[in-house]
Amino acid sequence: MTTRDPRATALARFAALFADETRAACLLALLDGRAWTAGELARHAGVAASTLSEHLGRLVAGGLLAEERQGRHRYVRLADARIAQLVEDLAAQVPPGPAARPRNLRESNAGSAMARGRTCYDHLAGRLGIAVTDALTARGLLQQETGFALTGAGMQWFVSAGIALDRRGRRPLARACLDWTERRPHLAGVAGAALCRHALETGWCVRIGSERAVKVTAAGERALSDLLGVEAAALR
């Protein structure tokens, strides 16, 4: 007689948190790294506020979301970078199906912008993220042979570019995140987050629209060309 692994029940319960379309929609929306109100998520998921509240309760209790209250407003965000990575990794395992046809020009433009460049929780993704990752690799600053890792030259590049790397905590310095539009890995981890934060703070990139899309500015094109040799055409 075999003894069931005591973790099996807990794992099944945890996995069940993802096995609902409304909860999955909320988790994917929260990959933008921001805190959302329950009302915003309800509208995004297309469900009633009362329905959404029940789902959020389960996600908070299960440790996937962190909750904050300010006055009458209830905000939720992904619990931490580890949960964001888990959501990203699961989403990347979904085989690409036929693309949904945009219902109007606005949807078409929004989809194109997201594919061109966006944030993936706290790092750059889309064609922008791939272009930066490829440039770092081509210059010997990032190696991908046995998983993503910054080289010694890569560490020095971040210092010379004025991009601080927070080495505290258990988060990996560099890791691969499979891009769901490009189907190739881009840079995540501490280095990916630091580069994204620097790009937004210095105005290399600006957020556009109401989702995660970002656009490279003229200053960003010059900086990425000077620092990494990225051609402007790859960023548009």
Side-chain angles (χ1 to χ4, degrees), residues 5-38 40-41 44-45 47 52-68 74-97 114-115 118-126 128-130 132-133 142 144 146-150 165-197 211-214:
D5 190 321
R7 298 170 297 176
T9 299
L11 178 59
R13 289 175 178 167
F14 184 71
L17 294 172
F18 296 87
D20 177 90
E21 190 170 346
T22 296
R23 292 196 293 275
C26 292
L27 293 170
L28 290 171
L30 290 166
L31 278 176
D32 67 359
R34 298 179 297 165
W36 289 48
T37 67
E40 289 170 336
L41 282 173
H44 177 80
V47 298
L52 196 280
S53 180
E54 180 181 346
H55 287 297
L56 292 185
R58 292 190 62 181
L59 292 171
V60 170
L64 295 180
L65 301 185
E67 182 180 34
E68 302 171 10
R74 176 193 190 191
Y75 291 87
V76 292
R77 64 171 70 244
L78 293 179
D80 52 35
R82 178 180 57 87
I83 296 301
Q85 177 181 342
L86 178 58
V87 175
E88 292 168 2
D89 290 345
L90 286 173
Q93 300 308 311
V94 179
M114 286 280 283
R118 64 183 182 277
T119 55
C120 185
Y121 188 56
D122 62 0
H123 54 272
L124 298 173
L128 168 60
I130 294 297
V132 170
T133 299
L142 176 72
Q144 301 188 33
T146 56
F148 276 22
L150 291 183
L165 297 175
D166 186 354
R167 305 295 299 275
R168 297 169 298 179
R170 299 171 60 185
R171 191 177 187 187
L173 183 60
R175 74 168 182 86
C177 177
L178 183 61
D179 198 289
W180 60 266
T181 54
E182 296 299 302
R183 314 306 295 182
R184 294 177 54 206
H186 56 245
L187 176 65
V190 170
L195 183 56
C196 178
R197 183 171 56 252
E211 296 193 41
R212 293 184 280 144
V214 296

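Side chains included, hydrogens not; waters and symmetry mates left out as well; all remaining heavy atoms used.
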If every non-hydrogen atom of [X] is compared with every non-hydrogen atom of [Y], which pair is closest and at what distance?
| X | Y | answer |
| --- | --- | --- |
| R175 | G189 | CG-N, 3.8 Å |
| L165 | A191 | CD2-CA, 3.7 Å |
| A174 | L150 | CB-N, 4.2 Å |
| V76 | L30 | O-CD2, 3.6 Å |
| Q93 | D89 | CG-O, 3.2 Å |

ring-ring contact (aromatic ring centres under 6.0 Å, His included) partners of H44, counting only residues at least two apart: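 Partners of H44 under the ring-ring contact (aromatic ring centres under 6.0 Å, His included) test: W36.
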Pairs involving residues 5-15, ordered by first then second residue, that meet salt bridge (Lys or Arg N to Asp or Glu O under 4.0 Å) (sequence neighbours left out): D5-R7
Does [X] have any side chain to side chain contact (heavy atoms under 4.5 Å, CB included) partners at least two apart in sequence or in another chain, and if so, which?
| X | result |
| --- | --- |
| A79 | I83 |
| D179 | R118, A125, I130, T181, E182, H186 |
| A38 | L52, L56 |

Side-chain ion pair, R171 and D122, N-O less than 4.0 Å: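 Looking at R171 and D122, the cut-off is met.
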[X] versus [Y]: any side-chain heavy-atom pair under 4.5 Å?
| X | Y | answer |
| --- | --- | --- |
| P185 | T133 | no |
| R34 | E40 | no |
| F18 | L86 | yes |
| L78 | L27 | yes |
| H123 | L187 | no |
| C120 | R212 | yes |

Approximate separation, where rounding is to 0.5 Å, of D80 CG and Y121 OH: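 Here the interatomic distance stands at 6.5 Å.
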Name the atoms and distances for all side-chain donor-acceptor pairs under 3.5 Å in residues 57-66, with sequence neighbours left out.
none

